[in-house]
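As the structure is a prediction and not an experimental result, all values here were calculated from the model.
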Amino acid sequence: MREWMKRKKKSRKAKKNSDDYTIADFFFELLFWIPELLILPFRIIYWLARGLGRFISDMW
């Protein structure tokens with residue numbers, strides 16, 4: 001029983017300390033990045049138009 005607990009503790013530490021990048025991690029990261037990459041160009045255009053509009057309105 002004592003040996004079993006030592007092996008279990010050792011395997012838990014190994015799993016806890018492993019920084020493996022799994023396929024599930026890649027999939028979830030991709031799911032979070034796809035919407036951001038799709039929306040980013042529209043956000044840039046919006047902020048540029050807004051800044052340009054404020055610049056023009058301040059000049060008048």
Given the rule in the side-chain contact (heavy atoms from CB on, under 4.5 Å) test, do L48 and L52 qualify, once you have shown the distances and angles that lead to the verdict? CA-CA 6 Å; L48 286 174; L52 188 62; over 6 Å; no
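- Here the CD1 atom belonging to I45 is positioned 10.0 Å from the CG atom belonging to L40, to the nearest 0.5 angstrom.
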side-chain contact (heavy atoms from CB on, under 4.5 Å) evaluation trace for R50 with F55: CA-CA 9 Å; R50 186 175 174 193; F55 178 73; over 6 Å; no
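- F26 CZ: 12 or fewer foreign heavy atoms inside a 6.0 Å radius.
- Side-chain atoms of D25 come within 3.5 Å of backbone N or O of T22 as a donor-acceptor pair.
- At most 12 heavy atoms of other shown residues, nucleotides or ligands fall within 6.0 angstrom of atom CD1 in I23.
- In this view, R43 and E36 satisfy the salt bridge (charged side-chain N to carboxylate O under 4.0 Å, His left out) rule, not counting sequence neighbours.
- Hydrophobic clustering (side-chain heavy atoms under 4.5 Å, transitive across Ile, Leu, Val, Met, Phe, Trp, Tyr) keeps I56 apart from W47.
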